[in-house]
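Okay, so here's the structure we're looking at.
Predicted model, so just to flag it, every value in this text is computed and none were measured. Proteins get letters first, then strands, A, B, ... in listed order; numbering begins at 1 in each.
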4 protein chains.
Amino acid sequence: MVDTTADSDLLDLRKGRPAAGQDPVKRAQIIEGARRVFIDKGFEAASMNDITREAGVSKGTIYVYFENKEELFEALIEEERGTIFKNMYEVLDHFEDLRKTLVKFGTGLSIKITSAKVIQAQRTVVGAADRIPELGARFYERGPKRGHDKVVSFLNEAIARGLLEIPDVDLGAYQFTELCLAGLFRQCIFSYRTKAPSQAEIEKIVTSGVDVFLKAYGTEKFFAEERASASA
Amino acid sequence: MVDTTADSDLLDLRKGRPAAGQDPVKRAQIIEGARRVFIDKGFEAASMNDITREAGVSKGTIYVYFENKEELFEALIEEERGTIFKNMYEVLDHFEDLRKTLVKFGTGLSIKITSAKVIQAQRTVVGAADRIPELGARFYERGPKRGHDKVVSFLNEAIARGLLEIPDVDLGAYQFTELCLAGLFRQCIFSYRTKAPSQAEIEKIVTSGVDVFLKAYGTEKFFAEERASASA
Amino acid sequence: MVDTTADSDLLDLRKGRPAAGQDPVKRAQIIEGARRVFIDKGFEAASMNDITREAGVSKGTIYVYFENKEELFEALIEEERGTIFKNMYEVLDHFEDLRKTLVKFGTGLSIKITSAKVIQAQRTVVGAADRIPELGARFYERGPKRGHDKVVSFLNEAIARGLLEIPDVDLGAYQFTELCLAGLFRQCIFSYRTKAPSQAEIEKIVTSGVDVFLKAYGTEKFFAEERASASA
Amino acid sequence: MVDTTADSDLLDLRKGRPAAGQDPVKRAQIIEGARRVFIDKGFEAASMNDITREAGVSKGTIYVYFENKEELFEALIEEERGTIFKNMYEVLDHFEDLRKTLVKFGTGLSIKITSAKVIQAQRTVVGAADRIPELGARFYERGPKRGHDKVVSFLNEAIARGLLEIPDVDLGAYQFTELCLAGLFRQCIFSYRTKAPSQAEIEKIVTSGVDVFLKAYGTEKFFAEERASASA
DNA sequence: GATGAATGAGCATTCATTCAT
DNA sequence: TATGAATGAATGCTCATTCAT
């Protein structure tokens with residue numbers, strides 16, 4: 001009410017009670033409870049009571065932080081997406097050896113996407129996408145789509161360097177991604193596979209996928225350079 | 001339990017009334033109603049009343065034929081799977097021109113899998129897969145998996161004929177399928193795409209996919225034959 | 001199940017279970033429970049659970065018979081209105097002695113409108129009219145308004161017979177009704193009076209009200225006839 | 001309880017901070033917020049949060065000044081009553097031309113009582129009267145009843161002057177008031193009329209009402225004087 | 001064996017009230 | 001003393017399931 005101290009900064013460090021719906025700790029607590037319940041049961045089957053119990057906050061409090069069930073779910077997915085796709089594309093930022101980069105990136109991508117946690121999250125989004133299509137769309141747009149764009153950029157760079165020749169880069173990027181996941185995504189999401197593929201399996205798939213990709217799109221120059229560096 | 005006594009109701013013209021939950025006509029009738037409702041609304045949003053109405057049978061009767069909503073859904077999916085993947089693989093049965101066959105098969109596959117109806121069904125299965133993992137597994141196993149096996153056979157035939165050279169045929173088959181769907185499956189299932197891709201788009205993707213596949217795995221012999229038939 | 005007997009008539013007398021939402025006994029039971037609760041607590045404060053308990057039927061059943069709380073309340077009011085205003089206007093149907101008829105009618109009207117039960121019902125409607133104005137409007141329209149129209153007809157008859165002379169018959173009818181209730185309605189509805197006025201009190205008020213009304217609107221002819229019949 | 005100690009907070013410039021729930025300024029502020037919300041939404045639909053916002057005080061503070069929602073509402077009605085009926089009866093204080101005075105008073109009364117705001121307030125009181133009968137009673141007693149007494153006084157004055165002859169003055173006063181409202185009150189309170197009647201309509205009703213009243217109760221002397229002043 | 005009326009636990013959401021700060 | 005974040009009982013309503021007919 002009076003004179004906040006002079007060193008009051010961008011971060012409000014006062015120990016005072018945070019404003020309604022503003023306490024990030026409580027927010028995180030709710031999201032964490034929601035994660036457990038939504039991931040475990042799916043959107044429809046999850047009840048706000050379950051979340052209340054799991055989060056250890058009262059019903060009313062949840063509704064202070066989130067307008068309704070749908071918005072809470074969206075917030076969770078937003079978080080989840082952030083976590084999932086974080087750092088996934090860094091390896092594409094510094095252009096070095098083409099094949100190695102593609103393998104490294106493809107491996108990281110496949111591991112992430114087929115990890116148990118991420119598969120469950122994706123299943124939940126897919127299940128909810130039926131009733132809230134925008135939600136699924138938003139998830140795709142800000143997750144996989146963004147990644148796709150990064151791949152396109154990277155491929156363009158390789159084309160500029162004369163290492164690749166791709167008639168339709170956009171399509172090429174999709175092909176690359178799919179080759180890295182060959183079969184895994186569908187197997188996981190339909191729970192035909194009940195646990196994530198091993199690193200070895202993924203590496204085998206990705207190596208082969210990259211091989212196919214490069215055989216199709218690699219230029220003479222690329223193969224010449226590869227032979228040269230191999231004999232070196 | 002089967003033969004009801006001779007004084008069986010005059011109205012029942014079939015040979016003896018079937019035991020409770022045993023009449024296959026009624027069963028089909030229920031499944032048909034369930035199909036319309038589940039596909040239209042998804043598992044959670046579908047109400048047993050809707051199904052009752054759509055199937056034209058009473059609530060009680062449904063519960064004689066199926067333990068509960070979940071079991072009815074499972075039965076439907078079992079059926080649906082059969083319908084979806086039926087005839088999809090016929091084109092692979094008669095080996096003719098390799099590239100043309102692959103394109104034709106790939107196109108049919110992509111159209112089917114990305115059709116609104118099938119995407120809906122898959123979304124529902126995925127959504128439910130979390131709670132009933134066997135359901136998703138069974139769906140995959142008897143649907144996509146069986147198709148995959150057909151592709152493997154076909155590729156083996158092509159290898160036998162010296163047209164392809166594939167180190168890991170199983171993996172190659174996955175790669176082929178994924179190349180035909182490049183990006184579409186994920187876009188559809190997350191409802192980033194809200195309607196099925198056009199035939200033209202699919203054809204473009206499949207043509208490119210087959211091209212990549214053949215560049216990677218086609219033998220000298222294959223390309224020689226292709227050049228020959230082209231110049232003919 | 002087949003062949004309802006030949007004498008099946010307009011009234012379905014079968015003892016079979018009535019269709020959903022069609023059993024008039026159950027309907028009456030629900031309405032009766034609703035009456036007790038709504039009248040006791042008012043629209044908002046009455047809970048569907050209370051009504052469930054009071055009516056001795058399950059929640060679901062109420063919702064089979066009535067779309068929602070509001071509609072249940074409307075149905076109750078509809079009934080209530082019917083009960084309240086039934087037979088109230090019969091006395092106006094056979095034109096006899098003017099003054100006597102007016103007194104008789106006015107007395108009946110006042111007794112009805114100020115009876116504890118009716119006052120409570122009106123209070124409930126008024127309380128609800130705030131949130132559901134159409135409801136109050138409908139109550140007025142089909143209750144008091146209809147009565148008002150009957151009074152207008154009656155007064156027109158009297159005018160035609162040369163017994164009354166009223167510049168604005170519509171207004172005259174309102175004046176008559178208000179004179180019969182002089183003060184009572186407001187006193188009752190605000191619960192300034194906690195019990196219904198006595199018959200004696202009402203008779204006194206009505207007699208006086210009719211007197212005022214006739215002094216204002218009675219014709220020479222009317223008074224002449226009255227004098228004549230008095231001296232007879 | 002009143003005198004807080006000398007070291008009272010520097011910020012409080014008033015003579016000692018009032019004891020909890022004792023500051024009349026804050027009390028008025030709360031009542032004012034409550035007025036806006038209760039009148040706008042009715043008792044049930046008004047939320048304490050709305051009032052908090054409208055009054056600009058905290059939830060806790062309201063609960064220091066008023067035990068609960070009901071009590072706050074009661075306090076408001078107490079106030080409101082004062083406001084509504086204030087100045088309504090001034091016109092009766094100076095006896096001048098009888099007919100004109102009655103018309104003027106009747107018009108003012110009808111306009112007030114049928115104004116949207118006042119109807120709203122009355123509806124709310126009526127709605128609540130069932131649960132808190134004393135509230136309605138007190139409202140009537142200190143509002144309409146007090147007005148009624150003023151009318152009685154005025155009529156007695158007119159009787160004393162030989163202008164009126166009324167066997168039962170108390171009843172006459174009720175009759176007069178009702179004649180001025182002929183039909184309007186019930187129409188408004190049941191929301192059959194959704195907006196207040198026009199000044200013209202009220203004037204017509206009141207003029208007619210006063211006419212009826214005077215025809216019934218006016219003395220020879222009154223009519224003689226009126227004829228005289230008319231011909232003057 | 002079939003029916004569909006009835007059930008009541010369950011849902012998402014609101015809001016009067018409390019109490020730590 | 002004043003605050004407003006947190007509470008959780010209560011709301012209207014739905015729907016999978018049961019069981020008397």
Among E/dA2, E/dA12, E/dA6, which is the nearest nucleotide to the side chain of B/Tyr65?
E/dA2

To the nearest Å, give me how far apart NZ (D/Lys69) and C1' (E/dT14) are.
11 Å

Kindly point out which of F/dT7, F/dT3, E/dA6 is positioned nearest to the side chain of A/Thr61?
F/dT7

So which pairs with a foot in residues 54-63 of chain D pass salt bridge (charged side-chain N to carboxylate O under 4.0 Å, His left out), sequence neighbours left out?
D/Arg36-D/Glu54

B/Tyr65 side-chain N/O to B/Pro24 backbone N/O, donor-acceptor pair under 3.5 Å:
no

Tell me every residue that passes side chain to side chain contact (heavy atoms under 4.5 Å, CB included) with B/Glu67, counting only those two or more places apart in sequence or in another chain.
B/Glu71

C/Arg138 meets the side-chain hydrogen bond (donor to acceptor under 3.5 Å, both in side chains) criterion, sequence neighbours left out, with C/Glu74

For the pair made of CD1 in D/Ile30 and C1' in F/dT1, what is the distance, rounded to whole Å?
13 Å

Selection: residues 52-60 of chain B, any non-hydrogen atom under 4.0 Å of DNA chain E
B/Ser58, B/Lys59, B/Gly60

Atom NZ of D/Lys26 and atom C1' of F/dT3 are separated, to the nearest Å, by 10 Å

Restricting to pairs with a member in residues 37-51 of chain C, which pass salt bridge (charged side-chain N to carboxylate O under 4.0 Å, His left out), not counting sequence neighbours?
C/Lys41-C/Asp50, C/Glu44-C/Arg131, C/Asp50-C/Arg53

Considering residues at least two apart in sequence or located in another chain, which fulfil the side chain to side chain contact (heavy atoms under 4.5 Å, CB included) criterion with B/Ser58?
B/Thr61

From CD of B/Glu70 across to P of F/dC15 the rounded distance in Å is 17 Å

note: A/Gln29, atom CD; F/dT7, atom P; distance rounded to Å ~ 9 Å

Residues from residues 40-49 of chain C lying under 4.0 Å of DNA chain F - heavy atoms:
C/Ala46, C/Ser47, C/Met48

Partners of B/Phe43 by ring-ring contact (aromatic ring centres under 6.0 Å, His included), sequence neighbours excluded?
B/Phe38, B/Phe73

Starting at CZ of A/Phe66 and ending at P of E/dA12, how long is that distance when rounded to a whole Å?
16 Å

How many whole angstroms separate atom CD1 of A/Ile62 from atom C1' of E/dC11?
14 Å

Exactly one of A/Ile51, A/Asn49, A/Thr52 should register a side chain to side chain contact (heavy atoms under 4.5 Å, CB included) with A/Val37. Which one does?
A/Ile51

B/Gln29: which residues meet the side-chain hydrogen bond (donor to acceptor under 3.5 Å, both in side chains) condition with it, sequence neighbours left out?
none

note: C/Tyr63, atom OH; F/dA16, atom C1'; distance rounded to Å ~ 18 Å

Taking only residues two or more places apart in sequence or in another chain, which ones pass side chain to side chain contact (heavy atoms under 4.5 Å, CB included) with A/Ala75?
A/Arg27, A/Ile31, A/Phe66

All stems with DNA chain F, defined as three or more consecutive Watson-Crick or G-U pairs under 3.5 Å:
E:2-21 with F:2-21

Residue whose closest nucleotide on DNA chain F lies nearer the 5' end, C/Glu67 versus B/Glu67:
C/Glu67

Listed by chain and number, what are the side chain to side chain contact (heavy atoms under 4.5 Å, CB included) partners of A/Ala129, not counting sequence neighbours?
B/Arg123, B/Ser191

